Amino acid sequence: MNLVLTFLVGGALCAAAQILIDKTRLSPARILVGYVVLGVVLFALGIYTPLFEAVGCGISIPLVGFGAAIGKGVKSAVDTDGLLGILTGGLTATSSGITATLFLGFLLSLIAHGKHKKM
Amino acid sequence: MQGLNEKEKSAIIKKCTPKSRVVKNTLSAFFVGGGICLFAELLRRLYIYLGESEENAGIFATLSIVLIGGIFTALGIFDRLARHAGAGTLVPITGFSNSVVSSAIDSASEGYILGVGSKIFTVAGPVILYATVSGVIYGLLYYIYLSL
Amino acid sequence: MSRIIKFATPPTLLSFSAVGGYEERRGPLGDRFDLTDPTEKFGQKTWECAEAEMSRLALNIALGKLGISHTELDLIVAGDLQNQCVASAIGLSSFGVPYLGVYGACSTATESLAVLSLFLSQNGGMGAAVTSSHNSAAERQFRNPIEYGGQRTPTAQWTATAAGAFLLSGAPTERGVRITECMAGRMIDGGTTDATNMGAAMAFAAADSIITYFEQSKRSPTDFDYIVTGDLGAVGTRVLYELLSDKYPSVIARHLDCGNLLYDLKKRDVHSGASGCGTSAAVLSTHFLPMLSRGEIGSILLLSTGALMSPSSVLQGQNIIGIAPAIRIEGVGLRKQPQNGFAGHI
């Protein structure tokens, strides 16, 4: 695995999103949704796994990785549990990330006080 | 001004609207985004080196980035960085962390049940929903494929 | 019928005040605010309450400058940017004065002055017009959580954390700064759904009101020292000039936009300038009214500009509707004796 490739692929995914934000009328939310769906699709087509082996966090840290993790979870759950796996696989695979983020959000909302924006 | 139709108005607006600094924005998104991924990868290798399994090391690296993004948000630094980085902080998992934590902090003034409790998902909701929906669709297709 | 209402007894401005936040203090008009709070919280727990407190403070300061009590007020006309105009209601309810809430988005400063003037010219008495907006309250209501890491487009404007209060009397006076005319604006389709480009959407309404005013009043733009728009910002001003350049170059020559005056436009993140209904209230109070009351200028035409829309209407693909009411503010009997300050002189 090549660290330079990690940097290049991760950077390119962000740069592509930036161009979409600046050049089209797509809102950031739509682009992020596009990226997670892309992640599921890349995994389903068998492209994601070899890419991850080549660049590691370069593809898994951008939101594409979140979609791919859902895809991967669904696939392995369907393999073991059949039909039920369609419903259990996705969120099981991503549970650590979602739970950690939500708990962190709750915890910080107890402590932090918002400050006004500055230019 | 009532004489102008919508097309003519859009044309005038377009003529007067400055362009985004696409090159500069794209370069900073590229370097910041790439940098975050590189940093996460180094963390992942560190966790492997410290004896974690490949799978868990990846999860811990992700969680570390989520934690850093959340803390930067709570300290009021994240939005100032994101202003320059744009998609560079939005697309990595830092953006997800920021969207959840900023919504939570922001809505505390409406209480912890209907404020934080319901509004924590206002920005991150679309990503979670459509990841789940596309996961279910993929699962169905994969199940049908296996049954053939 | 003329759309311009000329007051038989023009109300006189007795006193005015401006309250602002962190960026307003750092802007070119910063030291002329009566009160600014760098935390923008004004001692309150929430941003919404901070905005309410700003309108309360603004009115209190304006009353204090005149040395009178709120019990002498017959009417308050006020508005803000929060849902259901709640900042004005919460901030001003404790005065116990009859109240009319108005909503014209960022055009509220002119709208409230026009409505109050109509009442006072008819009935006499004394009243106050109060307008406020708060950057953080507006971000939360219209855009994203405050700590959300987004990037603003070059057309985006900065909602001002500012409030202004104006005390007017309906009693006839010999000298003073008066509101002599008002005109309601037409609602004009802004031709865009882009809520990050409100200045451009409002420019069509501003142009419509300016053209209508000069057609109907038979006045020339040269009769005014300044023709002032509310918060078109850099982009909206460009659209306005595009619309007026053929027939009204003399308007452009004396045009100023409050959105371009409140902040230092060279700063990167100002982007297209200030917006929010506090913008024209604060700039009127810190810039134009002091000049009028010192007799440095004789009259202005003020058209605060509003973008009528809601987060839902934008998501549902409805175009932004622009609005630009106008008032004529004149200094009478002040030019010859500028040293004799009137009551509102600071």
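We name chains A, B, ... by the order of the sequence lines, and we start the count at 1 in each one. Everything numeric in this text was worked out from a predicted model, so none of it was measured.
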List, with distances to 0.1 Å, the donor-acceptor pairs found between chain A and chain C - the cut-off being under 3.5 Å and no angle criterion applied.
unit_1	atom_1	unit_2	atom_2	d
A/Q18	NE2	C/Q151	OE1	2.9
A/R25	NH2	C/T193	OG1	3.3
A/K115	N	C/E147	OE2	3.2
A/H116	NE2	C/P38	O	2.8
A/K117	NZ	C/I146	O	2.8
A/M119	N	C/E23	OE2	2.7

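- The list of ring pair (Phe, Tyr, Trp, His ring centres under 6.0 Å) pairs with a residue in residues 78-103 of chain A, not counting sequence neighbours, is empty.
- A donor-acceptor pair under 3.5 Å links the side-chain atoms of A/T80 to the main chain of A/A77, judged by distance alone.
- Between A/I21 and A/L26 there is no side-chain heavy-atom pair separated by less than 4.5 Å.
- What you find for C/F42 and C/L35 is that their closest heavy atoms are CE2-CD2, 4.4 Å.
- Residue C/G306 comes nearest to C/A105 through the heavy atom pair CA-CB, 4.1 Å, listed as atom of the first residue, atom of the second, then distance.
- Checking A/L87, A/L84, A/I86 one by one against A/V78, the side chain to side chain contact (heavy atoms under 4.5 Å, CB included) holds for a single residue, A/I86.
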